Asks: 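This is the structure I have questions about; it appears just below.
The first residue of the sequence shown is numbered 1, and numbering continues consecutively from there. These numbers come from a predicted model, not from an experiment.
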Amino acid sequence: MIDQASGLRKMQDLQQIKVIAVSGGKGGVGKTNVSLNTSIALAQQGKRVLVLDADLGLANVDVMLGLRVQRNLSHVLSGECELDDIIIKGPAGINIIPASSGTQSMVDLTPAEHAGLIRAFSDMHGQFDVLVVDTAAGISDMVLSFCRAAQDVMLVVCDEPTSITDCYALMKLLSRDHDVFKFKVVANMVRSPKEGQQLFGKLTKVTDRFLDVALELVAVIPFDEHIRKSVRKQKAVIEAFPECPAAQAFKALAKRVISWPVPKQASGHLEFFIEQLLEH
């Protein structure tokens, strides 16, 4: 039996860390691209960044970057190794916790496995400024848990009815059932800044009418062929084509992220993040 309280107490010594969950409901909106490029931009600006691939059953962060993974979160939860043993280095020195791919058991973790996750994080030796959680697509319990546990929820939405509908559904569930009322919105793959503002307007039109939530547009990422080219190269666009419009937008987003305060209360702590996952 894992001593959960002991694990949480050990984590009290960790410095405060900015925890950001990147989600959006619908798949295919560019969520992982946003997570990775923002993380790399943060690292380029001097931040120590840890990326958690939280698509626990269909991992793709390592694939997108062409990284070779020997072990992943499933090995940590099975007790084969420690969390520190699976962290891999990515571009600009970002640290990545890889998940497994094609493992159904990772999708629905038991309370005991959640406790194992607590122990794993409490035993980490690294020091980080920002934890970026790249959640799975959809509105599963695990996605809701990660969003509820994070300090900031960043929703990626594109100008498609299904993307707007799914993003709305996610906000509805989080606000109604999990007391999450503030969301930061990234308008992705838009043709112009004006189109990004219009997309944000479509979203706020329905949320203002039906939900008690506060939305903030934090980035407008342009549709850019360089992103498709970088995906083929298995590189982040901010590294492959650093001067392209999309890369510049990610750098601006990272500067904005750095300005977000880390609260003094527990909600900015890594231990709170893991404790919230267990409570769910």
Side-chain angles (χ1 to χ4, degrees), residues 20 22-47 49-55 58-69 72 88-99 101-102 130 132-137 154-164 166-167 184-200 217-258:
I20 302 166
V22 182
S23 198
K26 183 181 182 295
V29 295
K31 179 178 49 58
T32 300
N33 246 316
V34 170
S35 297
L36 286 177
N37 282 285
T38 304
S39 297
I40 294 168
L42 284 166
Q44 290 174 344
Q45 294 176 38
K47 296 300 176 183
V49 183
L50 178 64
V51 179
L52 170 60
D53 188 344
D55 194 343
L58 291 169
N60 58 1
V61 166
D62 53 313
V63 177
M64 287 192 73
L65 295 176
L67 300 173
R68 182 169 295 185
V69 173
N72 55 56
I88 55 176
K89 285 286 184 183
I94 65 171
N95 297 271
I96 299 167
I97 299 175
S101 190
V130 184
V132 176
V133 183
D134 182 37
T135 74
M154 196 156 71
L155 301 180
V156 181
V157 62
C158 57
D159 199 6
E160 297 173 4
T162 51
S163 175
I164 295 170
D166 287 7
C167 191
K184 301 185 187 300
V185 177
V186 175
N188 197 30
M189 296 185 284
V190 295
R191 299 287 178 177
S192 66
K194 182 180 179 181
E195 188 178 295
Q197 290 285 349
Q198 290 172 338
L199 171 57
F200 182 67
L217 182 63
V218 296
V220 174
I221 311 296
F223 180 85
D224 190 338
E225 281 295 335
H226 290 95
I227 291 182
R228 189 172 297 175
K229 292 177 182 176
S230 67
V231 169
R232 289 200 195 104
K233 290 172 174 278
Q234 288 186 295
K235 288 190 172 184
V237 72
I238 199 167
E239 287 241 312
F241 306 100
E243 301 304 318
C244 75
Q248 295 302 312
F250 284 122
K251 290 175 186 176
L253 173 56
K255 285 181 181 176
R256 196 154 183 173
V257 169
I258 289 171

Asks: Would the distance check show the side chain of Asp53 and the main-chain N or O of Val61 forming a donor-acceptor pair, the cut-off being under 3.5 Å?
Replies: yes
Asks: Do Gln44 side-chain atoms and Ser39 backbone N/O form a donor-acceptor pair below 3.5 Å?
Replies: no
Asks: Can you tell me if CZ on Arg228 sees more than 12 non-hydrogen neighbours from other groups inside 6.0 Å?
Replies: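 Counting neighbours around CZ of Arg228, 12 or fewer heavy atoms of other residues, nucleotides or ligands fall under 6.0 Å, so no.
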Asks: Could you go through Lys184 and Leu155, starting from their C-alpha distance and side-chain angles, then the distance that decides it, and tell me whether this counts as side-chain contact (heavy atoms from CB on, under 4.5 Å)?
Replies: CA-CA 6 Å; Lys184 301 185 187 300; Leu155 301 180; over 6 Å; no
Asks: Mind checking what makes side-chain contact (heavy atoms from CB on, under 4.5 Å) contact with Arg191, not counting sequence neighbours?
Replies: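 Listed in chain order: Glu195, Phe223.
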Asks: Under 3.5 Å, is there a donor-acceptor pair between the side chain of Asp134 and the main chain of Val51?
Replies: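 Looks like no, no N/O pair under 3.5 Å.
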Asks: Checking the side chain of Gln45 only, and the main-chain atoms of Lys251 only, is there a donor and an acceptor separated by less than 3.5 Å?
Replies: yes
Asks: For the backbone of Ala246 and the side chain of Asp224, can you confirm whether one donor and one acceptor N or O come within less than 3.5 Å of each other?
Replies: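 Yes: the side chain of Asp224 pairs with the backbone of Ala246.
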Asks: Lys26 side chain to Cys158 main-chain N or O, any donor-acceptor pair under 3.5 Å?
Replies: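 Not confirmed, Lys26 side chain does not pair with Cys158 backbone.
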Asks: Tell me, please, which residues at least two apart from Ala54 pass side-chain contact (heavy atoms from CB on, under 4.5 Å).
Replies: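 Leu52, Val133, Phe146.
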Asks: Between Leu199 and Val185, does the side-chain contact (heavy atoms from CB on, under 4.5 Å) criterion hold? Intermediate values first, please.
Replies: CA-CA 10 Å; Leu199 171 57; Val185 177; over 6 Å; no
Asks: Taking it one step at a time, do Val132 and Thr38 satisfy side-chain contact (heavy atoms from CB on, under 4.5 Å)?
Replies: CA-CA 9 Å; Val132 176; Thr38 304; 5.9 Å; no
Asks: Between Val34 and Phe250, which heavy-atom pair has the shortest distance, and what is it?
Replies: CA-CE2, 3.7 Å
Asks: Is there a donor-acceptor pair under 3.5 Å between the side chain of Asn37 and the backbone N or O of Val237?
Replies: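 Yes, because the side chain of Asn37 sits within donor-acceptor range (under 3.5 Å) of the backbone of Val237.
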